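Okay, structure first, notes after.
Everything numeric in this text was worked out from a predicted model, so none of it was measured.
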Amino acid sequence: MNFRSHMDIALTEARAAGARGEVPVGAVIVGPEGVIAQAGNRTRELNDPTAHAEILAIRAACAVLGQERLAGYDLYVSLEPCPMCAAAISNARIARLYYGAGDPKSGGVAQGPRVFAHPQCHHRPEVYDGIAAKDSEQLLSDFFAARR
């Protein structure tokens, strides 16, 4: 079986989020049937601090499947998930996490609290970082530079 990255879809969602004035982060959930959910940040639009791309994609995927677990599904996200999103990924039982840019300030996977490394973490997905990291980093850098 050949690996096919779906980070291009996550980056498209991130660009759309940035165009809406949101921090440009995008996510996509993929299963055996293909892409089942995708989302970009909408915290400002929805006035909801939990409306991160990962959370929205997880909610949408669970709604499509009619279940609260996503065992066997992959999540692609353009930025390292924060601790809240990492906990949601664990609770959803996502099989594999692929992310682009690392987040030294707010990351929760390889940085900061390292949620999946805690003994209280009941499910640890396989984690693959650095997927299209340069594209993700540039998108974020351009977004924040335009606001300074």
Side-chain angles (χ1 to χ4, degrees), residues 1-137 139-140 143:
M1 180 176 180
N2 291 334
F3 171 76
R4 179 182 181 271
S5 174
H6 291 83
M7 190 60 78
D8 57 330
I9 299 169
L11 287 168
T12 297
E13 287 290 340
R15 286 184 197 94
R20 292 190 302 272
E22 303 278 358
V23 175
V25 178
V28 60
I29 295 182
V30 181
E33 62 275 84
V35 173
I36 61 164
Q38 57 194 71
N41 276 356
R42 292 185 180 274
T43 59
R44 292 178 180 193
E45 176 186 341
L46 299 175
N47 297 313
D48 179 356
T50 69
H52 290 196
E54 301 95 319
I55 300 291
L56 296 174
I58 289 168
R59 288 176 183 162
C62 289
V64 165
L65 296 171
Q67 60 193 40
E68 78 275 13
R69 301 278 194 255
L70 298 172
Y73 287 82
D74 299 343
L75 170 65
Y76 291 81
V77 61
S78 58
L79 181 65
E80 176 184 354
C82 72
M84 174 185 69
C85 291
I89 290 164
S90 177
N91 287 327
R93 307 298 195 262
I94 288 178
R96 284 165 293 283
L97 167 64
Y98 300 90
Y99 69 86
D103 189 353
K105 182 179 175 189
S106 301
V109 176
Q111 323 277 338
R114 297 183 172 113
V115 171
F116 303 138
H118 280 261
Q120 294 88 355
C121 183
H122 297 297
H123 171 76
R124 293 163 181 82
E126 295 175 30
V127 176
Y128 303 92
D129 63 353
I131 311 295
K134 297 251 187 268
D135 294 334
S136 298
E137 291 164 1
L139 190 58
L140 289 157
F143 176 81

With no hydrogens and no angle check, just 3.5 Å: does a side-chain donor-acceptor pair link Arg59 and Thr50?
yes
Give the minimum heavy-atom separation between Cys62 and Arg69, together with the two atoms involved.
SG-N, 4.5 Å
Atom of Pro119, atom of Arg124 and distance for their closest heavy-atom approach:
CA-NH2, 3.8 Å
Just verifying a value: how many Å separate Leu140 CG and Ser78 OG, rounded to the nearest 0.5 Å?
6.5 Å
Separation of Leu11 CG from Ser5 OG (nearest 0.5 Å):
8.5 Å
Determine yes or no for a side-chain-to-main-chain donor-acceptor pair under 3.5 angstrom, with His6 supplying the side chain and Arg4 the backbone.
yes
Could you check whether any side-chain heavy atom of Val25 comes within less than 4.5 Å of a side-chain heavy atom of Val77, counting everything from C-beta outward?
yes
Between Met84 and Ile55, what is the shortest heavy-atom contact and its length?
CE-CG1, 4.2 Å
Does any part of the side chain of Asn41, heavy atoms only, come nearer than 4.5 Å to the side chain of Leu56, both counted from C-beta?
no
Interatomic distance, Ile29 atom CD1 to Leu65 atom CG [nearest 0.5 angstrom]
9.0 Å
When every non-hydrogen atom of Ser106 is compared with those of Pro83, the smallest separation belongs to O-CD, 3.4 Å
Assess the side chains of Glu54 and Tyr99: does a donor N or O sit below 3.5 Å from an acceptor N or O?
no
Step-by-step side chain to side chain donor-acceptor pair (under 3.5 Å) determination, Glu33 to Tyr73:
CA-CA 10 Å; Glu33 62 275 84; Tyr73 287 82; 3.0 Å; yes
List the atom of Ala17, the atom of Pro24, and the distance in Å for their closest heavy-atom pair.
CB-CA, 4.2 Å
Please report the shortest heavy-atom distance between Arg114 and His118, naming the atom on each side.
O-CD2, 3.4 Å
Gap between atom OH of Tyr98 and atom CE of Met7 - 0.5 Å precision:
10.0 Å
Between Glu22 and Arg42, does at least one N-O distance fall below 4.0 Å, as a salt bridge requires?
no
